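Here is the naming used below: chain letters follow the sequence lines, and residue numbers restart at 1 for every chain. Every value quoted in this text rests on a predicted model; they were computed, and no experiment measured them.
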Amino acid sequence: MTLKFEIIAKDSSTKARLGRIHTPHGSFDTPAFMAVGTRGSVKGLTPDMLHQAGCQIILGNTYHLMLRPGSEVVRDLGGLQQFSGFNGPMLTDSGGFQVFSLSDLRHFDCDHVVFKSHIDGSAIRLGPVESMKIQHELGADIAMAFDDCPPADCPPERLAESMDRTIRWAGICREEHEKLDPENRQALFGIVQGGTNPDQRLRCAESLIAMDFDGYALGGLAVGEGHDRMIATIDHAAPLLPESRPRYLMGVGYPVDILEAVKRGVDMFDCVLPTRNGRNALAFTSTGPIRLRNSQYIRDMNPLDASCDCMCCRQFSRGYLRHLFAVGEMLGPTLISLHNLRFFQRWMLDIRQAIRDNHGSMLVAPGSM
RNA sequence: UCCGCGGUAGCUCAAUGGUAGAGCAAUCGGCUGUUAACCGAUCGGUUGUAGGUUCGAAUCCUACCCGCGGAG
């Protein structure tokens with residue numbers, strides 16, 4: 001076992017737990033928020049900035065990196081950490097979500113998905129075997145099983161079919177991972193699907209637990225089902241997963257979503273929200289979102305968030321930040337991405353402190369978001 | 001002074017006799033395992049001015065105003 005999950009404290013009034021995960025490239029605290037570095041880069045930010053923001057672990061993506069530069073190139077350049085210059089734990093997503101989100105012109109072919117590359121239109125054939133090989137070459141600390149992510153409100157028959165596929169693929173991933181990685185340097189997480197259907201979630205969770213993964217993810221949420229149904233699904237599904245293994249809610253989310261999931265026993269999160277919204281001029285702050293394009297900030301000399309300790313808030317006025325977006329200067333997206341990541345990491349610090357203090361139920365998401 | 005070209009949204013320009021449009025700018029909104037420094041909405045016009053021809057004119061005619069180029 002190359003990944004060690006240490007539970008340090010539990011909150012008595014919720015299911016929240018405080019922990020630490022140890023990997024070959026270092027450790028990170030849980031509950032954890034992972035910045036998304038799809039193509040081997042968290043857009044606009046250097047590894048130094050990521051460390052400044054408090055990011056302990058970041059993501060890469062199988063699909064994007066297999067297209068460019070190719071997993072063999074990443075391997076030959078020393079693996080994802082050395083390639084990207086991020087000195088810390090990393091996780092690669094399996095490409096399952098891209099199959100879902102790039103769903104135009106795709107079809108299933110035995111245990112593969114065939115779809116068109118968004119770059120040159122060429123046919124891409126991806127399945128659990130390929131995903132495991134690619135993720136092994138990328139060499140992140142944690143690899144994810146290749147899953148089939150059904151859309152929100154998937155009809156019952158199609159959902160059941162999708163679950164069969166996810167479960168079967170998880171088994172193939174488990175076997176391939178063992179074969180490819182005899183020294184077991186990478187951890188492998190399984191992904192529980194099932195939409196908002198409790199029976200399917202249960203069936204998928206039980207099947208994957210029997211395969212003994214290093215951690216378990218909840219996938220297929222925040223895909224349009226709505227906040228309440230998402231929380232209800234987490235409420236049901238998270239406790240199905242083994243206490244001793246990390247639980248990862250994929251693709252989530254807003255600070256309030258993270259809080260509600262932590263209270264239900266989730267340990268890891270990732271989301272593009274801080275970086276994508278940061279590039280698009282939306283800053284998360286302790287008093288609510290600030291849309292920096294808005295004209296009301298033209299002459300605003302206040303810092304973005306007086307309670308924030310990031311470089312952006314210590315040195316620049318809202319008026320200047322607005323100016324950067326108004327004229328399209330690349331520093332704008334960089335600074336707000338940095339700020340938003342710092343905001344999310346400070347939120348995770350607050351969450352972890354509350355669990356340590358056994359005050360988990362008292363937490364309120366900052367800025368009502 | 002003459003000749004030519006032009007004047008349409010804040011800017012750059014479409015529309016050649018038949019419902020004046022686009023891009024950018026401006027204003028606002030959206031973004032949840034990144035096809036996204038992206039996407040969407042809104043705002044925006046007495047078509048240089050004044051006449052005329054026509055059922056109908058940004059479009060054709062006349063005069064004038066302004067700009068650019070050329071000639072002298």
Considering only the [atom1] atoms, how many Å lie between [N] and [M], rounded to the nearest integer?
N: B:rA25; M: B:rA41; atom1: P; value: 15 Å
N: B:rU42; M: B:rG33; atom1: P; value: 28 Å
N: B:rG52; M: B:rA71; atom1: P; value: 40 Å
N: B:rA22; M: B:rA57; atom1: P; value: 23 Å
N: B:rC66; M: B:rG30; atom1: C1'; value: 45 Å
N: B:rA58; M: B:rA20; atom1: C1'; value: 8 Å
N: B:rU27; M: B:rA14; atom1: C1'; value: 25 Å
N: B:rG17; M: B:rG23; atom1: P; value: 26 Å

Less than 4.0 angstrom between a side-chain N/O of [X] and OP1 or OP2 of [N], yes or no?
X: A:Arg276; N: B:rC38; answer: no
X: A:Gln98; N: B:rG33; answer: no
X: A:Arg279; N: B:rG30; answer: no
X: A:Asn294; N: B:rG29; answer: yes
X: A:Ser295; N: B:rA26; answer: no
X: A:Tyr63; N: B:rU35; answer: no

Problem set entry | 5'-to-3' dot-bracket of RNA chain B (Watson-Crick, G-U; under 3.5 angstrom; crossing pairs as [ ]; | other strand) | (((((((..((((....[..)))).(((((.......))))).....(((((..]....)))))))))))).

Out of [options], which nucleotide sits closest to the side chain of [X]?
X: A:Lys43; options: B:rU35, B:rU34, B:rC38; answer: B:rU34
X: A:Arg322; options: B:rU32, B:rC38, B:rU27; answer: B:rU27
X: A:Arg293; options: B:rG33, B:rU35, B:rG30; answer: B:rG30
X: A:Pro333; options: B:rU32, B:rA37, B:rG29; answer: B:rA37
X: A:Gln193; options: B:rG30, B:rG33, B:rU32; answer: B:rG33
X: A:Phe97; options: B:rU27, B:rU34, B:rG30; answer: B:rU34

Using whole Å, report how far [atom1] of [X] lies from [atom2] of [N].
X: A:Ile58; N: B:rU34; atom1: CD1; atom2: C1'; value: 14 Å
X: A:Phe189; N: B:rG33; atom1: CZ; atom2: P; value: 18 Å
X: A:His64; N: B:rA36; atom1: NE2; atom2: C1'; value: 11 Å
X: A:Leu273; N: B:rA36; atom1: CG; atom2: C1'; value: 13 Å
X: A:Met330; N: B:rC38; atom1: CE; atom2: C1'; value: 16 Å

Seminar exercise, completed: Quick note, salt bridge (charged side-chain N to carboxylate O under 4.0 Å, His left out) partners involving residues 255-272 of chain A, not counting sequence neighbours, are A:Arg17-A:Asp267, A:Asp235-A:Arg264, A:Glu260-A:Lys263, A:Glu260-A:Arg264

Exercise. Any luck finding a side-chain donor-acceptor pair between A:Asp141 and A:Gln81 under 3.5 Å?
Worked result: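 Yes, A:Gln81 and A:Asp141 have a side-chain donor paired with an acceptor closer than 3.5 Å.
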
Problem set entry | NZ/NE/NH1/NH2 to OD/OE distance under 4.0 Å, A:Asp164 and A:Arg203 |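 Result for this pair is yes, salt bridge flagged.
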
Problem set entry | Residues forming a side chain to side chain donor-acceptor pair (under 3.5 Å) with A:Arg125, sequence neighbours excluded | A:Asp109, A:His112

Problem set entry | Ring-face cation of A:Arg245 near A:Phe213 (centre distance under 6.0 Å, axis angle within 45°) | no

Problem set entry | A:Arg356 CZ: over 12 foreign heavy atoms closer than 6.0 Å | yes

What nucleic acid atoms does [X] come within less than 4.0 Å of, heavy atoms only: base, sugar-phosphate, or nothing?
X: A:Thr334; result: nothing
X: A:Gly220; result: base
X: A:Asp93; result: base
X: A:Asn61; result: sugar-phosphate
X: A:Leu59; result: sugar-phosphate
X: A:Arg291; result: sugar-phosphate

For this session: Check if the side chain of A:Asp147 and the base of B:rG33 share a donor-acceptor pair of N or O atoms closer than 3.5 Å.
Result: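 Indeed there is one.
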
Exercise. With a 3.5 Å cut-off and just heavy-atom distances, do the side chain of A:Ser101 and the base of B:rU34 make a donor-acceptor pair?
Worked result: no

Cut-off 3.5 Å, no hydrogens considered: what does the side-chain donor-acceptor table look like for residues 40-51 of chain A, sequence neighbours left out?
{"unit_1": "A:Thr46", "atom_1": "OG1", "unit_2": "A:Met49", "atom_2": "N", "d": "3.2"}
{"unit_1": "A:His51", "atom_1": "ND1", "unit_2": "A:Pro47", "atom_2": "O", "d": "3.1"}

For this session: Apply side-chain contact (heavy atoms from CB on, under 4.5 Å) to the pair A:Phe86 and A:His25, showing each step before the final yes or no.
Result: CA-CA 10 Å; A:Phe86 183 79; A:His25 287 90; over 6 Å; no

Seminar exercise, completed: Sequence neighbours excluded, the answer for ring pair (Phe, Tyr, Trp, His ring centres under 6.0 Å) partners of A:Phe5 is none

Exercise. To which residues is A:Leu159 joined in a hydrophobic cluster, defined by side-chain heavy-atom contacts under 4.5 Å among Ile, Leu, Val, Met, Phe, Trp and Tyr, whether direct or through other members?
Worked result: A:Met163

